[in-house]
Amino acid sequence: MTTARDGKVVLEVKNLHTYFFNRWGTVKAVDGISFTLREGETLGIVGESGCGKTMTSLSLLRLHPKPASRIIEGEVILDGEDILRRPERDMREIRGHKISMILQDPQTSLNPVYTIGNQLVETLGLKKGSHGNLKNEAEKSLRKVRVAAPERRLEDFPHQMSGGMKQRVVGAIAMACEPMVIIADEPTTALDVTIQLQYLRLLKDIQAETGLSIIFITHDFGIVARMCDRVAVMYAGRFVEEGSVRDIFNNPSHPYTEALIGSVPKVEERVERLYQIEGQPPALYDLPVGCRFESRCRYAKSKCAEEYPPYFEVNEHHKAACWRLDPSWETLPSSSK
């Protein structure tokens, strides 16, 4: 049976660094991210607020805030070409056509003074080789995301639609030019639970029909379990663990991953107080030399504060950056804290 793991690589990110420069110093929002994405695969990027998830996605599209931030180094190889080497004028051709993004708040993604039809037709008009009536193509785009009576909805303004319907329209705009990769940045945050489930099913159906590759950015492990093939856990600008969904849930190998999963309430357990991760993540402008989770980690030893850990292989498709996986861990001196 063919799986997403067997598909061709459509996106490869190598050693991506995106830094902000301000009065506090250099803020290392994305600090050496590398991953691959295959055709028809869904990669989940998980982490708490401020860890660099959204800045990673904006960097892939070269939409990071300028001039406050810059991509210092790295490669973003999309369909065999490093798009970071392309001039800015060429990015208009790449965005939407090869890679697109669904933002978490549809209310701010849609222009309130234009109809849905206007906004879809504008997107479709950018598609090279588009023939025939763009309005008909706009109807097809809405139909693809299961919007009822699409011919009537084209005349609506965003304020006339519910949150779930607006998010479907945002998805239709993102997928109108049939990109290879969609970045979904917490697209269900503004939706209630029942509408969330419908929207996630819709994305999976479209992916099955088109072979679309998805990067799903979230902090919700329930969504990860339902949507993703692989997971990258992000903390303080770096990936600390990567693996299949099964590996991450059954054998979390980084203390931060373990703590995140432990923070998810379990229906079958009755507890007086929900588990929480003690402490705060480090400031991205004043990062420690060692492991960035060391100050919050119950397993930490002296070496954790002295040197950032490399990736250790848990198995062929699962790796984590934690000194606990070093064969010499048991012989290392304890932390003085």
Side-chain angles (χ1 to χ4, degrees), residues 17-20 24-35 44-56 186 189 217-225 228 231-243 245 247-266 269 271-314 318-337:
H17 293 71
T18 304
Y19 292 174
F20 284 80
W24 293 289
T26 302
V27 178
K28 298 178 179 179
V30 180
D31 194 27
I33 295 299
S34 299
F35 65 88
I45 299 180
V46 185
E48 61 195 296
S49 297
C51 72
K53 304 186 303 293
T54 296
M55 192 52 56
T56 298
E186 304 204 38
T189 299
I217 293 172
T218 184
H219 59 271
D220 187 336
F221 269 101
I223 289 176
V224 167
C228 301
V231 188
V233 180
M234 193 169 190
Y235 185 78
R238 288 184 176 175
F239 288 168
V240 295
E241 185 167 2
E242 296 176 59
V245 169
D247 284 335
I248 295 295
F249 276 91
N250 292 343
N251 185 25
S253 298
H254 193 283
Y256 179 58
T257 309
E258 185 182 302
L260 280 179
I261 293 174
S263 300
V264 179
K266 296 176 179 62
E269 291 183 5
V271 293
E272 292 185 7
R273 184 182 179 90
L274 294 175
Y275 174 79
Q276 66 179 31
I277 306 173
E278 298 295 337
Q280 295 292 327
L284 295 178
Y285 58 84
D286 187 24
L287 292 166
V289 295
C291 175
R292 295 171 184 184
F293 191 63
E294 182 268 341
S295 64
R296 308 172 75 183
C297 180
R298 58 178 174 161
Y299 306 109
K301 292 189 175 183
S302 298
K303 187 166 185 176
C304 301
E306 295 165 0
E307 187 180 347
Y308 193 87
Y311 271 127
F312 293 94
E313 278 200 1
V314 182
H318 183 194
K319 58 184 181 179
C322 180
W323 286 118
R324 271 203 311 157
L325 300 173
D326 189 329
S328 64
W329 171 256
E330 296 299 332
T331 64
L332 294 176
S334 299
S335 174
S336 58
K337 69 177 184 179

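Counting from 1, the numbers follow the sequence of the chain as shown. Note that this is a predicted model, so its numbers are computed, not measured.
Looking at every heavy atom in both residues, Y19 comes nearest to V30 through CE2-O, 3.6 Å. When all heavy atoms of S263 and A259 are compared, the pair lying nearest together is OG-O, 2.8 Å. Among all heavy-atom pairs drawn from L287 and P282, the shortest one is CD2-CG, 4.0 Å. Minimum heavy-atom separation, A225 to V245: CA-CG1, 4.2 Å. The shortest non-hydrogen separation linking K53 to G47 is NZ-O, 2.9 Å. Across Y299 and E258, no two heavy atoms sit closer than the pair OH-OE2, 2.7 Å.
The shortest side-chain heavy-atom distance between H219 and S49 does not fall under the 4.5 Å cut-off. Two residues are said to be in side-chain contact when any heavy atoms from C-beta on lie closer than 4.5 Å; N251 and V314 meet this criterion. The side-chain heavy atoms of D31 and L284, taken from C-beta on, include no pair separated by under 4.5 Å. Between R296 and P281, some side-chain heavy-atom pair lies under the 4.5 Å cut-off. Between C322 and P255, some side-chain heavy-atom pair lies under the 4.5 Å cut-off. Between V231 and D247 the shortest side-chain heavy-atom distance does not fall below 4.5 Å. The closest side-chain heavy-atom distance from H254 to R324 is not below 4.5 Å. Taking 4.5 Å as the limit, some side-chain heavy atom of K301 sits within range of a side-chain heavy atom of W329.
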Dump the intermediate steps for side-chain contact (heavy atoms from CB on, under 4.5 Å) on W323 and E306, then the final yes or no.
CA-CA 11 Å; W323 286 118; E306 295 165 0; over 6 Å; no
Dump the intermediate steps for side-chain contact (heavy atoms from CB on, under 4.5 Å) on I248 and I261, then the final yes or no.
CA-CA 9 Å; I248 295 295; I261 293 174; 4.2 Å; yes
For M234 and I33: C-alpha separation, side-chain torsions, deciding distance, then whether side-chain contact (heavy atoms from CB on, under 4.5 Å) applies.
CA-CA 9 Å; M234 193 169 190; I33 295 299; 3.8 Å; yes
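Here the CD atom belonging to E307 is positioned 13.0 Å from the OG atom belonging to S302, to the nearest 0.5 angstrom. The distance from the CD atom of E294 to the NZ atom of K303 is 14.0 Å, given to the nearest 0.5 Å. The CD1 atom of I45 sits 9.5 Å away from the OG1 atom of T54 when rounded to the nearest 0.5 Å. Within the model, atoms CG of L325 and NZ of K319 stand 13.0 Å from one another, a figure rounded to the nearest 0.5 Å.
Side-chain N/O atoms of T218 and D220 include no donor and acceptor closer than 3.5 Å. Side chains of E242 and Y311: a donor on one and an acceptor on the other come within 3.5 Å.
The backbone N or O of G52 lies less than 3.5 Å from a partner atom in the side chain of T56, making a donor-acceptor pair. No side-chain donor-acceptor contact under 3.5 Å links E241 to the backbone of P252.
Between Y235 and F293, the angle of the ring planes goes over 60°, which puts this pair in the perpendicular group of the 30/60° scheme.
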